[in-house]
Asks: 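Have a look at this one.
In what follows, chains are A, B, ... by sequence order, proteins preceding strands, each numbered from 1.
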Amino acid sequence: MAAESGALAPDKVRQPPPREERRLIREAQRGSADALAELYAAHWPAAHRAAYLVVHDAGAAEDIAQDAFLAAVDRLDRFDRRRPFGPWLHRIVINRAIDWGRREALRRSAGDPEKHSGAAAPPEAIGGELMPALAQLPPDQRAVVVLRHLLEYTPGEIGRMLELPRGTVNSRLRRGLDQLRDLIEVEG
Amino acid sequence: MSEDRLRDLLREEPLPGAAEAEGRGLALVRQAYAERRTTGGPVLPRLAVALAAATLLAALLLSPAGASVRDWIDDVFTAGIRHAEPALTEVPGGGSLLVQSQRGPWAVQADGSRRLLGDYREATWSPHGLFVAAAAGRTLSAIEPDGTPRWSISANRRVHDPRWSPSGFRIAYRAGNSLRVVRADGTRDAQVGMANAAVPPAWFPPGLHLLAYVNGQRQTVIAETDTGRAMDAAGASPGVVGLSWSANGHRLIEISRRDLWLRDVRIGKLASSLRLGAGRRVRLPAAAVVRAAAFSPRGRTIAVLLDRSQGPGPPRSEALLIVPAGGPPHRLFSVSGHLTELAWSPDGRRLLLAWPAADQWLFVPTEGGARLRAIGDIAAVFAPGHARRATYPRVEGWCCPSPSNAGA
């Protein structure tokens, strides 16, 4: 069931270990398509899920995650192996997802009737209790929640990724959590 | 709600089509990676080559020996599919291509044999590939695929956008702003309406000599060409430059540089009436410029060729497949640089994409089972001896694997 719905196993959040990741990047830089595929397998689920939780649109999330990986392929030769791959990828994913969310909000406010043409079902039709609650948050607040609670970055790391002061990250997190707490039924 | 609970919810939230999306993404990434490796070498040597090329490019402006230097630079920056087939010895998937070169249209048969049809500027296949309608100056001609002329008519303005009807019995064309239709034997040439010059007309695929076009008031019009009756008209989508019908005629797309607009078409019994629905924007990726779009021959899928430039990286071209009924676009193919052509194979199982910078045609399978084939040295085939100076050949049509049926 987990495989069908794409639920994210805990060990897939920030995998693989740094040494293994460096090896995969080195081999991919030397021409190993298998190493690239391993890198992809390790990072796609979290990247795709993060995009989806921010944009709430399966097609857009796939596109955003694909774009991030294509950017990674484009810049693979220049990638500094001493730095972790995940944060670099997640930064692209989250920023593009925020941009997409803002653009959609603008379209809605401009009365564009085609918001969902060609898109997957709206989130309330497929999700559980979380998606309608997340949908109440603006995209940049969703992004902070996803970076903190799905991808497990610290507020300082999130601030660097989104070029925000740490205080702003903390206040968005606090507000986001308060709002979600109000919207999602508290478990017994 | 605790933070642990929130974490669990974020991880467990169902993600529709996750496994399929992962598979599609991997195929795309592998392909982009393979393409990237074809440019070869680690980054430092490439940078050095690029710097050297830039220096030479500056020198080109001063050097009288410019042509040879330009050739060398072209070579440096040419990417492409590695191990492309060196010559066009067959049309992958079969059928016949109509290719417009600077010297005129070429008919390319399934076995790769080809013939220059004459000095014409535009051309289109008849529905069974037995004839070609070709335009040159103020003349519209019907010719056989071996170049033998059958008839010609003259117009009082330059002739453009010839389109042979699916029945085989009519040819639509534009003479200046006048949209005209002539019978396939060259008789009864008559004006149908006034057309917008930017938008070639498109015949209703089920037949009946119904033609969609955009008129001078920027309305999309469906006209019954034998009577000249407009069956319906609706405001055209902004910036429309092309029209494409689904095979059953129930959908029409209007193509602009930034958008695709999809209209449902309500067809009355025996096509006695036909109503255009409102245009719905088909969502495309951000920062995309539409180069081409067309319904598949079976009409279930729309192929779209996009240019995308995001961030500091090189521009990319992408071919997407879109199912009009819904669902996310499927990215079929993506390269650094520009693809310029999109043509469906007659059976809908392949797309032909042109990659001028690599001087390659790519035959990309749209379903499982076939492999991508790249064919190189295309420019030289259609401009023997002048490949570097000629404009890149343009694919005008990919026609009909079995031309044995009667009709045109």
Asks: Should Arg49(A) and Glu13(B) count as an ion pair when the cut-off is N to O under 4.0 Å?
Replies: no

Asks: Begin from the C-alpha positions of Glu152(A) and Arg7(B) and carry the test side-chain contact (heavy atoms from CB on, under 4.5 Å) through to its verdict.
Replies: CA-CA 9 Å; Glu152(A) 300 180 350; Arg7(B) 183 172 302 118; 3.4 Å; yes

Asks: Take Val145(A) and Leu6(B) through the test side-chain contact (heavy atoms from CB on, under 4.5 Å) and record every step on the way to the result.
Replies: CA-CA 9 Å; Val145(A) 168; Leu6(B) 175 59; 4.1 Å; yes

Asks: Considering only heavy atoms from C-beta outward, does the side chain of Leu53(A) approach that of Leu15(B) to under 4.5 Å?
Replies: no

Asks: So Asp8(B) and His149(A), do their side chains get closer than 4.5 Å, heavy atoms only?
Replies: no

Asks: Which atoms form the tightest heavy-atom contact between Ala18(B) and His48(A), and what is the distance?
Replies: CA-CE1, 4.2 Å

Asks: Quick one: do Tyr33(B) and Leu76(A) satisfy side-chain contact (heavy atoms from CB on, under 4.5 Å)? Show the steps, please.
Replies: CA-CA 9 Å; Tyr33(B) 181 72; Leu76(A) 189 63; 3.7 Å; yes

Asks: Taking CZ in Arg266(B) as the centre, count heavy atoms belonging to other residues, nucleotides or ligands within less than 6.0 Å. Is the count above 12?
Replies: no

Asks: Kindly check if the number of other-residue, nucleotide or ligand heavy atoms within 6.0 Å of CZ (Arg83(A)) is above 12?
Replies: no

Asks: Please report the closest heavy-atom contact between Ala21(B) and Tyr40(A), naming both atoms and the distance.
Replies: O-OH, 4.1 Å

Asks: State whether the number of non-hydrogen atoms from other residues, nucleotides or ligands found under 6.0 Å of Arg373(B) atom CZ is greater than 12.
Replies: yes

Asks: So, are Asp67(A) and Arg331(B) salt-bridged, with charged N and O less than 4.0 Å apart?
Replies: yes

Asks: With sequence neighbours excluded, tell me which residues meet side chain to side chain contact (heavy atoms under 4.5 Å, CB included) with Arg26(A).
Replies: Arg23(A), Arg30(A), Arg81(A)

Asks: Between CZ of Arg11(B) and CG of Leu130(A), what distance do you get to the nearest 0.5 Å?
Replies: 13.5 Å

Asks: Distance from Arg181(A) atom CZ to Arg5(B) atom CZ, nearest 0.5 Å?
Replies: 13.0 Å

Asks: Mind checking the CD-CG spacing from Glu318(B) to Leu70(A)? Nearest 0.5 Å is all I need.
Replies: 7.0 Å

Asks: Side chain, backbone, both or neither: which part of Leu134(A) has a non-hydrogen atom closer than 4.5 Å to chain B?
Replies: side chain

Asks: Under 3.5 Å, which donor-acceptor pairs do the side chains of residues 162-169 of chain A form with other protein atoms, sequence neighbours left out?
Replies:
{"from": "Glu163(A)", "atom 1": "OE2", "to": "Arg91(A)", "atom 2": "NH2", "distance (Å)": "3.0"}

Asks: Could you grab the distance from atom CD of Gln66(A) to atom CD of Glu22(B), nearest 0.5 Å is fine?
Replies: 11.5 Å

